[in-house]
Amino acid sequence: MRNRGLVSGTLAFFAGFAAVALFGTTALRIGPLLHLNLVEVSWLVAIPTLTGAFLRIPFSLLVDIIHAS
């Protein structure tokens, strides 16, 4: 049971990181199509990255709570 949780957690973190990393390169191509300047494209990339970084804190606490029960 613990190994399955470790594997699924690792895959979930990898998938989340890969999605944010791919979004960064995609935003550079989307920016000119939407007529965004460099600052707007930077915000487009930074907001999901910061959200993911801040959400790791409650998600990590949630793992401890679920694992303890």
Side-chain angles (χ1 to χ4, degrees):
M1 184 70 165
R2 289 183 180 176
N3 288 337
R4 185 173 56 178
L6 178 62
V7 170
S8 63
T10 303
L11 290 175
F13 275 120
F14 175 75
F17 179 75
V20 170
L22 290 174
F23 182 71
T25 57
T26 306
L28 291 175
R29 292 185 178 242
I30 292 174
L33 294 173
L34 298 175
H35 305 292
L36 301 175
N37 62 26
L38 185 59
V39 173
E40 293 168 334
V41 171
S42 299
W43 278 109
L44 189 65
V45 173
I47 289 173
T49 304
L50 289 174
T51 304
F54 286 132
L55 284 177
R56 284 189 184 138
I57 297 168
F59 288 165
S60 298
L61 292 174
L62 194 65
V63 168
D64 288 338
I65 292 170
I66 291 173
H67 182 65
S69 59

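Cluster note: V45 groups with no other residue, as no ILVMFWY side-chain heavy atom lies under 4.5 Å from it. Summarising the hydrophobic clusters (Ile, Leu, Val, Met, Phe, Trp, Tyr; side-chain heavy atoms under 4.5 Å, direct or chained), the residues clustered with I47 are V39, W43.
Every residue was checked against the side-chain contact (heavy atoms from CB on, under 4.5 Å) condition with L33, not counting sequence neighbours, and none meets it. With sequence neighbours left out, L34 forms a side-chain contact (heavy atoms from CB on, under 4.5 Å) with I30, L36. Annotation: side-chain contact (heavy atoms from CB on, under 4.5 Å) contacts of L55 (sequence neighbours excluded): T51, P58, F59.
Closest approach of A27 and V41 over heavy atoms only: O-CG1, 3.9 Å. In terms of heavy atoms, H35 sits closest to E40 at O-OE1, 4.2 Å.
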